[in-house]
Amino acid sequence: MEEKQKTTGEKRREALLYQQKNGYDCLSPADESAMRAYSEDYKKFLDSSMTEREAVDTAISLAEARGFKPLVRGMELRPGDKVYRSNRGKAVMLAVVGSQPLDQGAKIGAAHIDSPRLDLKPSPLYEDAELAFLKTHYYGGIRKYQWVTIPLELHGVVALKDGSVVKVAIGSAAGDPLFTIDDLLPHLGAEQSKKPLSEAIPGENLNILVGSRPFQDDEGDQRVKLAIMDILNQKYGIVEEDFISAELSVVPAFHASDIGFDRSLIGAYGHDDRVCAYAALAALLDLEETPARTAVCMLADKEEIGSEGVTGMQSAAFDTFMSDLCDAQKVSLKACYEKSFCLSTDVTAAYDPNFPEVYEKRNSARINYGIGFCKYTGARGKSGSSDASAEVVAMVRRIMDDAGVIWQMAELGKVDAGGGGTVACYMANRDIDTLDAGVPVLSMHAPFETVSKLDCYMTYKGIKAVYLSK
């Protein structure tokens with residue numbers, strides 16, 4: 001049968017107009033197979049990384065299995081060497097040394113491994129009406145009403161005065177108890193229901209129910225509190241005062257699961273931003289060849305509260321790591337930075353047809369359309385954005401197309417509807433060309449977020465292409 005000839009209009013339309021396609025309409029069989037395997041590995045990473053500390057432990061374990069060694073200041077480095085450095089157990093930096101010297105720059109994938117959660121207060125345990133609770137202070141931008149009446153776990157560390165550190169993880173192992181936060185029954189909730197969502201559940205009401213059975217053989221007050229403290233003492237060897245030097249976080253007891261009849265989506269806690277963190281990490285670990293330029297993966301803490309502190313992206317810890325790499329080659333750090341490129345890999349908002357009023361459909365990320373690039377983030381008039389140059393965006397377009405990566409450009413909602421920030425501006429402030437990129441997410445910052453397997457895999461493939469680019 002003779003093939004129909006295209007009209008002039010059809011040819012010009014194909015040549016001139018930008019027409020996006022659903023990723024599944026152009027996914028190769030090889031990529032589909034790799035996507036499935038990648039998704040299973042990602043779910044395992046999520047389930048073992050409920051906090052930033054656990055994410056660091058998991059990342060180091062995976063890296064060491066691939067031959068990565070701790071970076072020691074002054075050590076000799078050769079092309080192909082694989083090194084890492086943990087920053088206080090809450091952030092981690094990894095590198096594969098390239099064949100070109102660092103004065104030619106590095107290719108960096110930066111993400112964050114902290115997620116919104118509830119942190120215990122320094123004096124959290126109390127009893128009221130013969131029920132025991134833990135007081136919390138929420139961390140990051142949560143919608144408080146989403147955290148009540150769901151199953152919760154407790155993860156973190158307790159640092160003792162003798163210098164030892166006790167790890168705590170309750171709820172993730174089979175047979176562990178879970179915790180929850182109470183809410184009003186509808187029969188008595190008429191006044192609460194009249195309040196705006198942001199006010200219906202005050203922050204001071206996010207108290208974790210942890211027990212109700214009083215301590216036996218005691219006639220004093222607060223017998224339930226005593227019983228809970230006795231359990232913790234027997235299991236972890238801690239006393240109530242040790243809460244003062246503890247970092248204990250309450251996280252949802254929702255582990256990674258396939259979503260949908262077609263299993264095309266993944267639902268879990270912590271996609272923001274461990275979905276991009278894992279992509280940046282896995283892409284580095286999977287480099288089969290020595291990259292031309294040194295490939296660096298930066299997994300930072302504290303992004304959800306402004307990237308502050310010694311483990312955040314604003315810390316000098318990253319500069320120290322890069323400086324130690326440069327010193328090994330007698331290269332200036334400034335010379336390295338000015339020729340480097342960074343993908344600031346953080347999630348973006350996926351268009352949700354249930355809430356079309358806050359999205360600008362032509363410029364929103366779509367589920368199954370691949371890794372989402374954002375020229376700028378920020379709020380209102382691009383406040384808080386690094387706003388990548390046109391030349392940088394063009395370079396990334398070329399890298400993605402050459403590597404067969406499915407990608408899209410996006411903004412985070414309508415102008416003036418809100419906004420958000422990433423670590424991009426802190427990398428750009430170092431004189432590093434930077435572009436935001438990441439996985440589109442439904443229900444971002446909720447206890448249970450949803451992403452597309454295709455978008456997850458294409459983010460990994462895209463970061464890997466950047467690491468290998470010249």
Side-chain angles (χ1 to χ4, degrees), residues 18 20 107-112 140-141 271-273 275-277 279-280 298 300 302-308 312-314 318 337-338 340-352 355 357-367 369-401 405-442 444-445 451 455 458-459 462-463 465-466 469:
Y18 179 47
Q20 288 183 283
K107 295 300 177 75
I108 305 165
H112 69 91
H271 285 314
D272 181 8
D273 181 37
V275 66
C276 296
M298 171 65 196
K302 296 291 185 286
E303 190 277 341
E304 297 295 355
I305 58 171
S307 296
E308 307 283 356
M313 197 64 248
Q314 295 195 67
F318 177 75
Y337 278 174
E338 67 187 12
S340 292
F341 171 69
C342 174
L343 271 188
S344 172
T345 54
D346 204 342
V347 296
T348 188
Y351 178 79
D352 189 337
F355 306 99
E357 64 276 7
V358 296
Y359 296 92
E360 200 271 275
K361 198 170 184 178
R362 290 176 56 85
N363 288 285
S364 292
R366 302 274 296 276
I367 289 291
Y369 277 66
I371 178 175
F373 294 107
C374 298
K375 187 178 185 295
Y376 45 81
T377 53
R380 300 175 301 280
K382 302 185 182 180
S383 175
S385 168
S386 69
D387 202 354
S389 70
E391 292 86 350
V392 166
V393 176
M395 175 191 70
V396 173
R397 287 173 56 198
R398 181 176 66 252
I399 293 172
M400 296 301 112
D401 287 346
V405 177
I406 299 169
W407 61 275
Q408 58 186 314
M409 288 298 293
E411 290 187 345
L412 202 155
K414 284 184 176 178
V415 175
D416 292 336
T422 67
V423 302
C425 57
Y426 309 118
M427 294 305 250
N429 287 347
R430 291 175 161 93
D431 194 24
I432 299 173
D433 278 327
T434 304
L435 177 65
D436 277 298
V439 176
V441 177
L442 294 168
M444 189 192 298
H445 279 219
V451 297
D455 298 335
M458 286 300 159
T459 299
I463 299 171
V466 167
S469 62

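Each residue takes its place number in the sequence, starting with 1.
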Look at the side chain of Tyr359 and the backbone N and O of Ala350, then say whether any donor-acceptor pair between them is shorter than 3.5 Å.
yes

Applying side chain to side chain contact (heavy atoms under 4.5 Å, CB included) to Lys361 and Tyr351, what does each step give before you reach the verdict?
CA-CA 7 Å; Lys361 198 170 184 178; Tyr351 178 79; 3.8 Å; yes

Mind checking what makes salt bridge (Lys or Arg N to Asp or Glu O under 4.0 Å) contact with Asp352, not counting sequence neighbours?
none

Pair Val392-Phe341, side chain to side chain contact (heavy atoms under 4.5 Å, CB included): steps then yes or no:
CA-CA 9 Å; Val392 166; Phe341 171 69; 3.6 Å; yes

Glu411-Tyr376 side chain donor-acceptor pair, cut-off 3.5 Å:
yes

Given side chain to side chain contact (heavy atoms under 4.5 Å, CB included), test Asp272 with Asp346 step by step and report yes or no.
CA-CA 7 Å; Asp272 181 8; Asp346 204 342; 3.3 Å; yes

Once rounded to the nearest 0.5 Å, what's the spacing between atom OG of Ser307 and atom NE2 of His112?
7.5 Å

Side chain to side chain, Ser344 and Met427, heavy atoms closer than 4.5 Å:
no

Is there a donor-acceptor contact under 3.5 Å from the side chain of Gln408 to the main chain of Gly370?
yes

So does Gly306 get a backbone contact from the side chain of Gln314, meaning a donor-acceptor N/O pair under 3.5 Å?
yes

Taken to the nearest 0.5 Å, the spacing of Met313 CE from Glu303 CD works out to 11.5 Å

Run the numbers on Met400 and Val466 for side chain to side chain contact (heavy atoms under 4.5 Å, CB included), then give the verdict.
CA-CA 8 Å; Met400 296 301 112; Val466 167; 3.9 Å; yes

Do any pairs count as a salt bridge (charged side-chain N to carboxylate O under 4.0 Å, His left out) and have a residue in residues 413-442, sequence neighbours left out, and if so which ones?
Asp319-Arg430

Taken to the nearest 0.5 Å, the spacing of Asn363 CG from Leu412 CG works out to 12.0 Å

